[in-house]
Amino acid sequence: ALLDLLDDLGAASRGRLQVVAADPTGDAAAQQEAASLGVRPIPYAVRTRDRAEARTVHMGVALTYGDRSVPLEALPSVATMEVELVRAIRAVTAEPDDRVSIGWWLGHGEPDPATASAESPLRTLAARLGSRGPFRTIAPGDAPIPDDIDVLMVVAPRRPVPPAEQVQLDQFVMRGGRVLAFLSSFQPDFERGQPVPVDHGLYAWLGAYGVQLGRDLLVDRVHNEVLAVPIAGTTRWARVNHPVALVTTALDRAVPAVRALPRLVLPFASSLRVDPASEGTDPQIEVWATTERDAGSLRGLVTLDPAALGGASGARLSSEQPGPFPVVVAVQG
C-alpha cells in the first residue's frame, strides 16, 4: 500500500520525488544507514497458514531533502498513511521560516505539557506538535500574544480569562493568527461523582464569532468509550463504558483536517450551536463534526453514576434533548 501511494505521489511530482525501496535484512551497512535516517527495526508478528512467529523488520520511511531528514519510524495504518506521509513531505521541504509556529496558552488552569509526566498523552502530543514546527507554551502575562506565533491552542481553561486577555485573542485573530479552542462547560469530580461547571468566561467571546457553547453535558449510551470511575464506598476504581465519554464518527470527510480521523472521543463535551444569523455572512462558519443521533444533551446534571443516566436500558431522561449536536466548528473570515 505504501509503495503504491509513493508511486502515485512520484507521478504527481513530475520527477521531483525519487523513491528508493530497500530491504536491509542481513545487510549491516544498510541497517546502519536506516538507523542514521531514523528508521529502526521493530518487532512484527508474521502469521502463515500453519504457524505464527515474531520477526524483527524495518517498516518505516525516511524522507530526505537537501541536508534535512524526517523519518516515519513505523508506518501508520493504511487509513491514515496518506495524511502522515504528506505531512512528513511538507515538514521536510518547508524552509525553517515557513514552518508553522504553535503556542499553548497558559495562565487559566490549562494543563501544561511541559510539566506533565513522561507517560502523559500531553507529552506525546507536544512531541508531535513540535515535529511540525516550533512549539512552546505561552506563559501567563505574555501580552500581547507573541507575533511569531501562527497557531494558538486554548486547551481546557478552568479559570476565567480576563476581558483584557480576550481582547488580546481578538487582536491575535485580526492580525492573521489562528486559534484552536478546546472548550467545555464541565469537568469531572470523580471523588464526589459529579460534573463540575467550568467558569472560563469565553461564552461571549465565542458568541461574538457566531458560535454558542452550550452550558450542557453531552451523553451517548450507544457510542461511548471506557472511563475509569471510583466505586462508591471503596478505594477501588472500575473501568466502564460511560455515556459522558461519547464517541462519534459523524465527521465531514470532505474537510482535510478531520477526514482521516477514524473517530472522535469527546469526554465531558458540551454542544455547539451556530448562530443562524451568521450563516452566509462573514465570518464563514462550517460544522466539521457532530455527535451521533443517539446522543443527548443534559442540563443540571448532578451525578456521573451511569445507572442514573439510563444505565443498560439506554432510556433517555425526561429533561434530555435529543441529538445530533455540532461538536467541532470552524470559523474563518
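All heavy atoms count here, side chains included; hydrogens, waters and symmetry mates do not.
Ion pair Glu165/Arg159 not flagged as a salt bridge, since none of the NZ, NE, NH1 or NH2 atoms sits closer than 4.0 Å to an Asp/Glu carboxylate oxygen. Salt-bridge formation is not detected for the pair Asp216/Arg273: no Lys NZ or Arg NE/NH1/NH2 atom is positioned less than 4.0 Å from an Asp or Glu carboxylate oxygen.
The shortest distance between side-chain heavy atoms of Arg136 and Pro146 falls below 4.5 Å. Contact of the Val244 side chain with the Pro267 side chain is not registered, since no non-hydrogen atoms from C-beta on lie closer than 4.5 Å. Under the 4.5 Å side-chain criterion, counting only non-hydrogen atoms from C-beta, Phe135 is not in contact with Leu125. Using a 4.5 Å heavy-atom threshold, the side chains of Leu9 and Ile89 count as touching. Side-chain contact between Val222 and Glu292 is absent, with no heavy atoms from C-beta onward closer than 4.5 Å.
Judged purely by atom type and a 3.5 angstrom limit, His58 has no side-chain atom pairing as donor or acceptor with the backbone of Ala22. Thr248 contributes no side-chain N or O that, together with a main-chain N or O of Leu264, makes up a donor-acceptor pair within less than 3.5 Å. With hydrogens and angles ignored, the 3.5 Å screen pairs no side-chain donor or acceptor of Ser270 with any backbone N or O of Leu213. Counting only distance, with no hydrogens or angles, the side chain of Gln166 and the backbone of Gly201 share a donor-acceptor pair below 3.5 Å. Listed for the Arg178 side chain is no donor-acceptor partner under 3.5 Å among the backbone atoms of Val151. Put simply, the side chain of Gln31 gets close to the backbone of Pro24: a donor and an acceptor are under 3.5 Å apart.
Within a 6.0 Å radius of CZ in Arg123, more than 12 heavy atoms belonging to other residues, nucleotides or ligands are found. Dense packing is recorded around CZ of Phe190, with more than 12 heavy atoms of other residues, nucleotides or ligands lying under 6.0 Å away. With a 6.0 Å radius and a threshold of 12 heavy atoms from other residues, nucleotides or ligands, Gln194 has its CD atom above the threshold. Residue Glu53 qualifies as enclosed at atom CD: its count of foreign heavy atoms under 6.0 Å is above 12.
Here the rule is side chain to side chain contact (heavy atoms under 4.5 Å, CB included) with Trp105, and of Leu180, Val155, Ile149, Val161 only Val161 fits it.
Separation of atoms CG (Leu202) and NE2 (His108) is listed at 8.5 Å; rounding is to 0.5 Å. Of the inter-residue distances, the one linking Arg259 atom CZ with Glu82 atom CD reads 6.5 Å to the nearest 0.5 angstrom.
If you check the side chains of Asp112 and Trp104, you find no donor sitting under 3.5 Å from an acceptor.
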